[in-house]
Amino acid sequence: MTGANVAEGGGGWRPTRRRLGEALRAAITPLAACSVALAALTAWTASGAAGSPPRIAAGNGRVFLPYGDSRDTAAFFDVSNIGGGEDRLTEVTSPSDAVGKTGLSRHESSGREADTMRMTGSVRVPAGATLAMSPFGVSVMTRMNSRWHTGEVVPFVLHFRHSAPVEVMAVVVRPGS
């Protein structure tokens, strides 16, 4: 077919009402989906949750006074993430010479009489939530290098995957108090 045949009405494509209607319907579906997605992303961004990083705060630190001649004990903190993204507590250290090696641990119930503590590499701190450490959940296992007394304050540093380290103090308390 040549250009002359098309111009003379020899079978070229012509827009008809039916063809225009089909093309319009085919374009509306993806356009509507994009509009809905854009509206949802706009609402999410306006709420302040889009892309906001984790924001960590810690407090309520306490460390158990070891029993008898033992030097091993546990420390507990409340770790709050007031940001929009989750983070992970990866390590706990202490700048104090009074504190030896530390490690994150998790209490596990065996379903029998004896429960166990298992060392763990990191602990999830969800966005908008608080990790409340306790003897029956997550804790920091540590060893004291010198004698502690009830009421003494011991410094610790909490290290996170995405957030800056957080310095927090723990008060030495007797277990059960």
Side-chain angles (χ1 to χ4, degrees), residues 37-38 40-177:
L38 182 60
L41 286 171
T42 301
W44 184 46
T45 302
S47 73
S52 63
R55 291 183 33 209
I56 303 293
N60 195 24
R62 58 230 179 270
V63 60
F64 283 163
L65 184 65
Y67 181 75
D69 292 331
S70 175
R71 294 179 25 213
D72 296 328
T73 188
F76 312 95
F77 307 95
D78 290 343
V79 182
S80 297
N81 181 353
I82 56 176
E86 86 168 31
D87 208 342
R88 291 196 78 79
L89 175 61
T90 58
E91 181 183 24
V92 178
T93 60
S94 177
S96 173
D97 293 336
V99 179
K101 184 178 178 181
T102 62
L104 291 167
S105 66
R106 184 178 303 274
H107 177 267
E108 290 185 348
S109 178
S110 64
R112 296 186 175 96
E113 292 180 18
D115 291 349
T116 61
M117 296 300 287
R118 180 180 53 89
M119 300 310 284
T120 184
S122 66
V123 179
R124 181 175 175 255
V125 184
T130 297
L131 167 66
M133 294 184 184
S134 76
F136 306 105
V138 175
S139 64
V140 178
M141 299 305 292
T142 188
R143 175 169 283 171
M144 67 174 192
N145 287 337
S146 62
R147 268 296 156 203
W148 293 344
H149 303 285
T150 303
E152 189 175 343
V153 177
V154 181
F156 287 89
V157 180
L158 309 179
H159 301 268
F160 299 89
R161 180 171 291 154
H162 302 293
S163 301
V166 175
E167 295 181 19
V168 64
M169 302 301 243
V171 177
V172 177
V173 296
R174 292 190 182 280
S177 61

Looking at Arg71 and Met144, would you say the former's side chain and the latter's main chain have a donor-acceptor pair under 3.5 Å? yes
So for atom CZ, which belongs to Arg174, do other residues, nucleotides or ligands contribute more than 12 heavy atoms lying within a distance under 6.0 Å? no
Do the non-hydrogen side-chain atoms of Leu104 and Val140 ever get within less than 4.5 Å of each other? yes
Heavy-atom donor-acceptor pair, Arg55 side chain to Pro53 backbone, under 3.5 Å: no
Which heavy atom of Phe76 sits nearest a heavy atom of Pro135, and at what distance? CE2-N, 3.4 Å
Verdict with supporting geometry, Lys101 and Arg143, side chain to side chain contact (heavy atoms under 4.5 Å, CB included): CA-CA 6 Å; Lys101 184 178 178 181; Arg143 175 169 283 171; 5.6 Å; no
Would you say Glu152 and Leu65 make side-chain contact, with heavy atoms under 4.5 Å? no
Are any side-chain N or O atoms of Ser80 and backbone N or O atoms of Ile82, one a donor and one an acceptor, separated by less than 3.5 Å? no
Does Val99 reach the side chain of Trp148, with side-chain heavy atoms less than 4.5 Å apart? yes
Separation between CG of Asp78 and CZ of Arg62, rounded to the nearest 0.5 Å: 5.5 Å
For His107 and Phe136, work out which heavy atoms get closest and say how close. CB-C, 3.7 Å
Between Leu131 and Met133, is the side chain to side chain contact (heavy atoms under 4.5 Å, CB included) condition met? List the steps. CA-CA 6 Å; Leu131 167 66; Met133 294 184 184; 4.3 Å; yes
Going by distance alone, is a donor N or O of one side chain under 3.5 Å from an acceptor N or O of the other, for Ser139 and Ser105? yes
Which of Val63, Val166, Val168, Val138 passes side-chain contact (heavy atoms from CB on, under 4.5 Å) with Phe77? It is Val168
Donor-acceptor pairs under 3.5 angstrom involving side-chain atoms of residues 86-96: please list them, not counting sequence neighbours.
from  : atom 1 : to     : atom 2 : distance (Å)
Glu86 : OE1    : Arg124 : NE     : 2.7
Glu86 : OE1    : Arg124 : NH2    : 3.1
Asp87 : OD1    : Arg161 : N      : 3.4
Asp87 : OD1    : His162 : N      : 2.9
Asp87 : OD2    : Ser163 : N      : 3.0
Asp87 : OD2    : Ser163 : OG     : 2.6
Arg88 : NE     : Ser122 : OG     : 2.9
Arg88 : NH2    : Ser122 : OG     : 3.3
Thr90 : OG1    : His159 : O      : 3.2
Thr93 : OG1    : His159 : NE2    : 2.8
Ser94 : OG     : Ser96  : N      : 3.2
Ser94 : OG     : Pro155 : O      : 2.6
Ser96 : OG     : Ala98  : N      : 3.0

Could you tell me which non-hydrogen atom of Thr142 sits nearest to which non-hydrogen atom of Gly100, and how far apart they are? OG1-O, 4.2 Å
